[in-house]
Amino acid sequence: MLRITPQRCLVRPFSISRCLKQAQPEVKENSTDEQKFLPMSRAQTAYLDRVIRVDQAGELGANYIYAGQYFVLANKYPHLKPVLQHMWDQEIHHHNTFNNLQLKKRVRPSLLTPLWKIGAFAMGAGTSLISPQAAMACTEAVETVIGRHYNDQLRCLTNQYELQKPDGSHGQSEEVQSLTKTITQFRDEELEHLNTAVEHDSHQAVPYKLLTEGIMTICRAAVWTAERV
Ligand SMILES: [Fe+2]
Ligand SMILES: [Fe+2]
């Protein structure tokens, strides 16, 4: 299956649609967890599906937010170009990863996917049109919500997924360990993006408070909705 890597975006930075389309799923092999552990409860299975659905939608949104920022700011502010490109590349990787997991686990995507795409691009481009600082305030707000969201998921995966083995002992399945590792890495990268936004004057945005509080409220509502719809 054709798969375009983030590096190819670096070569052709102006191809916004190419970068957005590159998040193509790949099918991977099944794990052997089924033989090692007793089946998960319905609640555990449902929560894992919800994690994959909401994280795929969130990373899709992040991909489109950075696309909007790059579209407006990259040529006008050349010093921001590599900064935006680096964060965007990481979001493309996050988006690809959850696309793959969604296909592998056969989790249905959020029914509001078209809305997330339009809303996220509009948020990235709209705040960038106000000022580069406003774009960074948008990044700060989004990454604050996503960092907390990933921490909540990590807490649940750590505390609620000690599965029983046929011999009566307990342990974590490879599937859960792998998901935990992925979310931990992505959480750390989101927090790097947050720090980058602050270093690039997000606090100088006008109106800072209104922008960040408004965007955090929108993001929390989007997370709540994408988990369910
Ligand atoms: Fe991300
Ligand atoms: Fe991010």
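Order of listing sets the numbers, starting from 1, for every ligand and every atom in it. Note that the structure is predicted; figures quoted are calculated from it, not measured.
A donor-acceptor contact under 3.5 angstrom links the side chains of H94 and E91, judged on distance only. A donor-acceptor pair shorter than 3.5 Å can be found between the side chains of Q153 and D55.
Our summary of the site lists the angle at the Fe ion (ligand 2) between OE2 of E91 and ND1 of H193 as 100°, to the nearest 10 degrees. The angle that H94 ND1 and E59 OE1 make at the Fe ion (ligand 1), rounded to 10°, works out to 100°.
Applying the 6.0 Å contact sphere to CZ of R108 captures more than 12 heavy atoms from other residues, nucleotides or ligands.
Between Y47 and Y161, the two ring planes are tilted [angle within 30° to 60°].
Metal site remark for the Fe ion (ligand 2): E143 contributes an N, O or S atom at a distance under 2.8 Å.
For the Fe ion (ligand 2), the nearest N, O or S atom contributed by E190 is named OE1.
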